[in-house]
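What follows is a short report on a single structure.
Just so you know, these numbers come straight off a predicted model, no measurement behind them.
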Amino acid sequence: MHQKRTIRIIEWEDLDKRKFYSLGVFMTLTTRATVYPFTLIRTRLQIQKGKSLYNGTFDAFCKILKAEGMQGLYRGFMVNTFTLISGQAYITTYELVRKYVSQYSSSNTLKSLVAGGSASLVAQSITVPIDVVSQQLMMQGQGEHLTRFKSKIVVATSKHKVTFGQTKDIMVQIFAADGFRGFYRGYVASLLTYIPNSALWWPFYHFYAEQLSKLAPANCPHLLLQAMAGPMAAATASTITNPMDVVRARVQVEGRSSVIETFKQLMAEEGMWGLTKGLSARIISSTPTSILIVIGYETLKRLSLRPELVHTRHW
């Protein structure tokens with residue numbers, strides 16, 4: 001009889017933590033650098049009124065590249081790299097909460113749901129101030145008329161001086177206008193976006209991986225099945241949570257204070273279609289992100305497996 005295949009999950013206690021963290025920083029940075037242009041495009045699409053700037057993801061990519069060059073697609077990237085800290089906090093929280101929940105339940109769906117939501121809560125508490133600044137930098141250039149804060153630094157000689165000069169300029173303006181609270185503008189909206197997104201992604205990822213494993217030939221590598229399951233989970237979670245992501249972006253970039261009022265205005269001005277703004281860019285960016293995260297994360301865990309356990313696992 002055909003034996004049911006299962007995908008073995010490497011748990012927190014199986015890992016060599018020193019290897020796990022050192023390799024994890026490199027993996028996270030590589031992933032962010034690869035998908036950052038689409039993160040920038042998603043932000044500009046979500047902030048624009050109607051189609052005042054771009055007609056879609058591809059149109060935005062071409063126009064930004066033509067008008068601002070490759071540097072335009074990486075506006076705010078240096079600031080965004082500080083989210084590496086939140087990335088490590090996310091991974092650690094996810095694994096530790098999974099371990100804790102496993103004491104009370106063996107359900108992988110429940111462990112993934114609770115751990116994913118908890119990890120996002122911790123990560124967003126670190127990420128929001130970084131996002132507030134980096135999103136303002138993303139909007140400089142063609143989208144600067146849509147923001148409250150406009151950098152007074154004009155591109156001159158050194159790219160590094162320009163990058164950090166603009167960052168400092170934007171940070172000073174945010175603090176002058178809103179104080180320290182300005183760096184946490186949109187915090188509630190971020191939690192309402194990313195906690196559900198993270199809580200949904202992990203259960204859907206494990207669900208799709210298991211379903212694919214039942215359909216795939218016996219000799220199909222588990223890593224390939226996981227790489228296919230990642231984008232499917234990301235597309236599902238992104239579609240469900242995109243309306244809140246549009247609201248979050250507008251709250252943070254336009255300086256609004258009310259999530260509900262922002263949602264009402266969006267619906268009044270652009271209707272239901274307004275809630276889908278940036279969805280294609282989000283799915284496009286989440287597809288390679290998910291593939292890289294899944295392959296990178298699963299490979300990272302295998303490489304970080306404690307030496308005495310290596311011969312007990314067969315892939």
Point to revise | Rounded distance [0.5 Å steps], OH in Y100 versus OG in S105 | key: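 Separation between the atoms: 12.5 Å.
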Common cluster, [X]/[Y], ILVMFWY with side-chain heavy-atom separation under 4.5 Å:
| X | Y | result |
| --- | --- | --- |
| L215 | Y208 | no |
| V172 | F149 | no |
| Y205 | L110 | no |
| I41 | F77 | yes |
| L73 | I284 | yes |

> Do you see a donor-acceptor pair shorter than 3.5 Å between the side chains of R282 and T241?
Replying inline: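 Yes, side-chain donor-acceptor contact under 3.5 Å.
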> Taking atom types as modelled, is there a side-chain donor on T147 or Q135 under 3.5 Å from an acceptor on the other?
Replying inline: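 No, Q135 and T147 have no side-chain donor paired with an acceptor closer than 3.5 Å.
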According to side-chain hydrogen bond (donor to acceptor under 3.5 Å, both in side chains), who are the partners of [X], at least two apart in sequence or on a separate chain?
| X | value |
| --- | --- |
| T127 | S86 |
| K49 | E254 |
| Y74 | none |

For [X] and [Y], indicate whether the former's side chain and the latter's backbone hold a donor-acceptor pair under 3.5 Å.
| X | Y | result |
| --- | --- | --- |
| R44 | A60 | no |
| S198 | I195 | no |
| S120 | G116 | no |
| Q48 | L53 | yes |
| Y187 | P129 | no |
| Q140 | Q136 | yes |

Heavy-atom side-chain proximity of [X] to [Y] below 4.5 angstrom:
| X | Y | answer |
| --- | --- | --- |
| I170 | L137 | yes |
| S190 | Q252 | yes |
| D131 | N80 | yes |
| R250 | Q265 | no |

- Message: Test of understanding: with ring pair (Phe, Tyr, Trp, His ring centres under 6.0 Å), list the residues that count as partners of Y94, not counting sequence neighbours.
- Response: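 Listed in chain order: W202.
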Practice task
State which residues pass ring pair (Phe, Tyr, Trp, His ring centres under 6.0 Å) with Y194; sequence neighbours excluded, sorted by chain then number.
Solution key: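 Y194: no ring pair (Phe, Tyr, Trp, His ring centres under 6.0 Å) contacts found.
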Practice item. Grab the two heavy atoms, one from I291 and one from P231, that are nearest each other, plus how far apart they are. Key: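 Where I291 meets P231 most closely, the heavy atoms are CG1-CG, 3.4 Å.
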* To do: Tell me, with the steps shown, if F58 and S280 meet side-chain contact (heavy atoms from CB on, under 4.5 Å).
  => CA-CA 10 Å; F58 183 71; S280 60; over 6 Å; no
Quiz prompt | Ionic contact status for D245 with R42, cut-off 4.0 Å | solution =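 Counted as a salt bridge, because a side-chain N and a carboxylate O are separated by less than 4.0 Å.
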* Hey, is E269 close enough to K277 for a salt bridge, meaning N to O under 4.0 Å? ->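 Salt bridge between E269 and K277, a charged N being under 4.0 Å from a carboxylate O: no.
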*For V188, the rest of its hydrophobic cluster, which grows through side-chain links under 4.5 angstrom*: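 Traced through the cluster, V188 reaches L192, M244, V246, V247, V251, V259, F263, L266, M267, M272, L275.
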Test side-chain contact (heavy atoms from CB on, under 4.5 Å) applied to F61 and Y54, step by step
CA-CA 9 Å; F61 180 84; Y54 313 112; over 6 Å; no
Worksheet item: Only one of T167, I174, D169 forms a side chain to side chain contact (heavy atoms under 4.5 Å, CB included) with M171, so which one is it?
Response: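 Of the listed options, the one satisfying the test is T167.
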